[in-house]
Amino acid sequence: MPELPEVETSRRGIKPHILNKKVTDVIIRNKNLRWPIPGSLKKQLIDQVIQKVDRRGKYILLYTSAGTVILHLGMSGSLRILNKSATAEKHDHFDIIFSNNKVLRLRDPRRFGCVLWAKSDPLKHKLLINLGPEPLNDEFTAEYLFEISRNRKVAIKTFLMNSHIVVGVGNIYANESLFAAGINPKRAAHKISLKSYQSLVPKIKAILKKSIEQGGSTLKDFINEDGKPGYFQQTLCVYGRDSEPCINCGNSIKQIIQAQRSTYYCTTCQK
DNA sequence: ACTTCGACCTGTTGGC
DNA sequence: TGCCAACAGGTCGAAG
C-alpha cells in the first residue's frame, strides 16, 4: 500500500489526535512483524507523552522523552485513529491507547511493516542512519544524483528505488517520474547525463508533491473509514498500464521485470 | 564496494 | 463457479 505520499498523509492524519497526548496502554496482538515488536515497548511507552510526530523516508517517528517509536507500514500496513472500544479485526496487530480514549491502531495483513523502539536519536538507528536524502528537500538535486551515480551500473529505475540513494521513491513513482522525464528505466545510472538528471529530479519532486497534496485533500478525517489514498485517484501515466496506449504517442505501454519488481514504460517516449 | 537474489507474509486477481 | 498460480504499493541481509 504505502508509497511516500500515503506515509506522509498518514503522519499528518494521526498527528493532531496523538500529539501531546499521554499513552495509557499498549496492546501487542501479534509481535511477529518484519522484526519482532520489542517486548519492552509497552513498559517504555506507558505514561509517556507524544512530543513530535515525524517522518524519515517511509518511517514514521513518534517521539517521547523516553525514546522514539519507529514505525514502518511495509507493503500493506495502515494506521487509523479509533475510539479505544473499537473492536480489533483480523490483522490489527498493534495499538497505542491514549488518555483521550483514542487508539492508534496498526493493521498490516502481510506483516512486512515494523514497530521498533529507539532509546536515543532514532535517526542514528541502524535502519535510518544510512538513508539517502528526502526527495523534497533542497539537498536532493540533479547534481547530487549525477555525482553519486558515476560508478553505478544498475538500471536507473532500480537506482531510484534504492533508499540509500534517495528515500521515498517507490515502484509507482519511480515508473511515473521516469516516464515524465522521458528516460528509459533500463538505462544504467552512470550513463545518464547531468542534463537528464536535471529533467528527472524536478519531475520526482512535482509528482510526489502533487500526490501528497491529493492525499491531504481526499483524506478529510483519519477517524473511522479511511477513504482511498489520494494517489489512487490521480491518473497514473504508465504504472499498471501494460499494453494500454501511451498518453503521449499512443504506442502500447510495455511491462518488464527489474529487480523483481514490475516496470512500465513507453519504448517510444522513453529513451 | 556494488549487485543480485531470497526471504518475509496474506489477500486479490485472472486464466483455465 | 471454483481452483490455483501469479502477483501486489517494501527493503533487508546474505551471497556472489
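Fair warning: this is a prediction, and the values are worked out from it, not measured in the lab. Letters A, B, ... mirror the listed sequences (proteins, then strands); counts begin at 1.
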Measure from the side-chain N and O atoms of [X] to the backbone N and O of [Y], and report whether any donor-acceptor pair falls under 3.5 Å.
X      : Y      : value
A:R150 : A:H190 : yes
A:N175 : A:I172 : no
A:N162 : A:H164 : yes
A:R111 : A:G113 : no
A:K42  : A:P38  : no
A:K205 : A:P135 : yes
A:E3   : A:G170 : yes
A:K31  : A:H93  : no

Residues forming a side chain to side chain contact (heavy atoms under 4.5 Å, CB included) with A:A181, sequence neighbours excluded = A:I183, A:S199, A:L200, A:K203

Flag for A:K157-A:N184: side-chain donor and acceptor within less than 3.5 Å = no

query = Under 3.5 Å, is there a donor-acceptor pair between the A:S262 and A:Q255 side chains?
reply = yes

Send over the distance from [X] [atom1] to [N] [atom2], rounded to a whole Å.
X      : N      : atom1 : atom2 : answer
A:M161 : B:dC5  : CE    : P     : 15 Å
A:F159 : B:dC2  : CZ    : C1'   : 11 Å
A:I148 : B:dC2  : CD1   : C1'   : 12 Å
A:N130 : C:dC12 : CG    : C1'   : 12 Å
A:N162 : B:dA1  : CG    : P     : 15 Å
A:I70  : C:dG10 : CD1   : C1'   : 16 Å
A:L127 : C:dG10 : CG    : C1'   : 12 Å
A:I172 : C:dG10 : CD1   : P     : 7 Å

Can you pull every protein N or O that's under 3.5 Å from an N or O on nucleotides 13-16 of chain B?
none

Presence of [X] side-chain N/O under 4.0 Å of [N] phosphate oxygens OP1/OP2:
X      : N      : result
A:H72  : C:dT11 : yes
A:K58  : C:dG10 : yes
A:S262 : C:dA8  : yes
A:K126 : C:dG13 : yes
A:K90  : B:dT10 : no
A:H164 : C:dT11 : no

When all nucleic acid strands are considered with a 4.0 Å heavy-atom cut-off, which category describes [X]: base, sugar-phosphate, or nothing?
X      : value
A:L73  : nothing
A:R261 : base
A:Y59  : sugar-phosphate
A:T158 : nothing

message = As a test of reading the structure: which of B:dG11, C:dG13, B:dT3 is closest to the side chain of A:V154, going by heavy atoms?
response = B:dT3

ask   = What nucleotide, of B:dG11, C:dG10, C:dC12, holds the atom closest to the side chain of A:W35?
value = C:dC12

ask   = Cationic tip of A:R241 within the cone over A:Y239's six-membered ring, i.e. under 6.0 Å and within 45° of the normal?
value = no

message = Using the P atom as the point on both nucleotides, what is the distance between C:dA6 and B:dG6, in whole Å?
response = 15 Å

ask   = Linking Ile, Leu, Val, Met, Phe, Trp and Tyr by side-chain heavy atoms under 4.5 Å, what else ends up with A:L128?
value = A:W35, A:Y59, A:L61, A:Y63, A:I70, A:L116, A:L123, A:L127, A:L131, A:V167

task = Dot-bracket notation for DNA chain B is requested: 5' to 3', Watson-Crick or G-U wobble pairs only, both distances under 3.5 Å, with ( ), [ ], | and . as defined.
result = .|||||||.|||||||

Below 3.5 Å is the cut-off: list the nitrogen or oxygen pairs between protein and nucleotides 7-9 of chain B, distance only.
residue, atom, partner, partner atom, Å
B:dC9, O3', A:R111, NH2, 2.9
B:dC9, O2, A:R110, NE, 2.9
B:dC9, N3, A:R110, NH2, 3.4

task = To the nearest 0.5 angstrom, please state how far the CG atom of A:L82 sits from the NZ atom of A:K84.
result = 13.5 Å

query = What residues in residues 177-192 of chain A put a non-hydrogen atom under 4.0 Å from any atom of DNA chain C?
reply = none

ask   = Run the salt bridge (charged side-chain N to carboxylate O under 4.0 Å, His left out) check on A:E213 and A:K210 step by step: do they pass?
value = CA-CA 5 Å; A:E213 280 164 21; A:K210 190 178 170 196; over 6 Å; no

